[in-house]
Participant: 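Questions regarding the structure given below will be posed in turn.
Chain letters run A, B, ... following the sequence lines, proteins first and then strands; every chain starts at 1.
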Number of protein chains: 2
Amino acid sequence: MAKKSNNKSCDSTPVKLKADPTAEEFARLAWAIAHPARVQIVRLLIGREACVCGEIVDCLPLAQSTVSQHLKILKESGLIQGEVDGPKVCYCINPKQLQRLKSLVANL
Amino acid sequence: MAKKSNNKSCDSTPVKLKADPTAEEFARLAWAIAHPARVQIVRLLIGREACVCGEIVDCLPLAQSTVSQHLKILKESGLIQGEVDGPKVCYCINPKQLQRLKSLVANL
DNA sequence: CCTCTATATCGTTGATCTACGATTTACGAT
DNA sequence: ATCGTAAATCGTAGATCAACGATATAGAGG
């Protein structure tokens with residue numbers, strides 16, 4: 001292929017950046033925590049090791065169904081895990097995925 | 001066991017968590033970078049010191065107006081800065097705000 | 001079985017995002 | 001003054017989010 005007459009490359013990339021899987025993973029994780037309620041939930045779980053869903057609901061000024069939605073989003077991102085404990089559900093941080101997020105941000 | 005009629009505190013917080021300014025700042029910054037295109041823009045600027053808007057557009061598979069929108073979002077978050085350079089605009093990272101993001105995530 | 005509690009899911013509403021083409025604005029050069 | 005280029009903004013359409021109340025589900029206990 002002929003070189004472009006006007007070299008409009010960025011860095012050493014000759015063409016447009018394709019969908020970068022790392023960028024997408026980064027964006028997915030960043031988005032999961034990109035809401036004040038979810039930041040608070042994550043912080044709460046980091047500080048408590050584990051927490052029953054009802055306690056989380058009591059800590060936030062949101063309806064139970066809304067909190068449940070946020071928990072679902074965090075769970076889908078892998079940042080937290082939920083474990084059924086009788087009629088309740090106990091949530092905790094997933095240290096591995098949290099570390100992944102920290103690593104991605106630290107290496108920016 | 002009597003129902004904990006009023007003691008529904010999490011941790012040592014006696015009542016519902018109010019809107020936490022730090023959580024909101026965190027969410028705002030995380031949200032700014034919570035899109036693959038914005039991740040790529042930030043990475044590009046970190047690796048290049050500075051970059052003219054047109055080069056960024058050429059690096060992404062998006063229309064110029066869309067890239068301009070993403071740049072605006074990043075600029076509003078403080079993560080990047082734009083400086084007019086003749087008819088062009090030169091963007092660069094704002095190291096202070098990037099450090100703020102890193103610090104918030106690292107201290108999770 | 002029935003009931004109570006805890007949680008998830010459904011359905012809806014309004015707000016916000018994302019993308020684009022078209023237009024406008026700003027600046028340098030002719 | 002006019003033109004051309006670079007960038008921002010406008011206007012719009014479709015998708016997704018965030019919040020809620022209502023409802024469904026699952027397990028514990030009477």
Participant: Taking the minimum atom-to-atom distance to the side chain of A/Ile73, which one of C/dT7, D/dA18, D/dA6 wins?
Facilitator: D/dA18

Participant: Nearest-Å distance, CD (A/Glu76) to C1' (D/dA18)?
Facilitator: 15 Å

Participant: Between D/dG21, C/dA19, D/dA8, which nucleotide gets closest to the side-chain atoms of A/Ala63?
Facilitator: D/dG21

Participant: Can you identify which nucleotide, out of C/dT7, D/dA6, C/dC20, has its nearest atom closest to the B/Gln69 side chain?
Facilitator: C/dC20

Participant: Between B/Thr66 and C/dT18, is there a side-chain N or O to OP1/OP2 distance below 4.0 Å?
Facilitator: no

Participant: Is B/Val84 touching bases, backbone alone, or none of the nucleic acid, heavy atoms closer than 4.0 Å?
Facilitator: nothing

Participant: C/dT18 C1' sits how many Å from B/Leu71 CG, rounded?
Facilitator: 14 Å

Participant: In whole Å, what is the span from the CG atom of A/Leu74 to the C1' atom of D/dC17?
Facilitator: 14 Å

Participant: Starting at CD of A/Glu83 and ending at C1' of C/dT7, how long is that distance when rounded to a whole Å?
Facilitator: 15 Å

Participant: Which value, rounded to the nearest 0.5 Å, describes the distance between A/Leu79 atom CG and A/Leu98 atom CG?
Facilitator: 6.5 Å

Participant: Going by heavy atoms in the side chains, are B/Val39 and A/Leu104 under 4.5 Å from each other?
Facilitator: no

Participant: Report yes if the side chains of A/Glu83 and A/Val89 come closer than 4.5 Å at any heavy-atom pair, otherwise no.
Facilitator: no

Participant: I want to verify a distance call: between C/dT18, D/dG27, D/dA19, whose nearest atom is closest to the A/His35 side chain?
Facilitator: D/dA19

Participant: Considering only C/dA8, D/dA7, D/dC20, which nucleotide approaches the side chain of A/Leu62 most closely?
Facilitator: D/dC20

Participant: I need the CG-C1' distance between A/Leu60 and D/dC20, as an integer number of Å.
Facilitator: 15 Å

Participant: Between atom CD in B/Gln81 and atom P in D/dA7, what is the gap in whole Å?
Facilitator: 17 Å

Participant: From the set D/dA8, C/dA6, C/dA8, return the single nucleotide nearest to any side-chain atom of B/Tyr91.
Facilitator: D/dA8

Participant: To the nearest angstrom, how far is A/Gln64 atom CD from D/dA19 atom C1'?
Facilitator: 13 Å

Participant: Between A/Pro87 and A/Ser65, name the one whose nearest nucleotide on DNA chain C is closer to the 5' end.
Facilitator: A/Pro87

Participant: By nearest atom, which of the nucleotides D/dA8, C/dT7, C/dG21 is closest to the B/Ser68 side chain?
Facilitator: D/dA8

Participant: Given C/dC17, C/dC20, D/dA19, identify the nucleotide with an atom nearest to the side chain of B/Trp31.
Facilitator: C/dC17

Participant: Take atom CD of B/Gln99 as the centre, draw a 6.0 Å sphere, and report whether it contains more than 12 heavy atoms from other residues, nucleotides or ligands.
Facilitator: yes

Participant: Could you check whether any side-chain heavy atom of B/His35 comes within less than 4.5 Å of a side-chain heavy atom of A/Trp31, counting everything from C-beta outward?
Facilitator: no

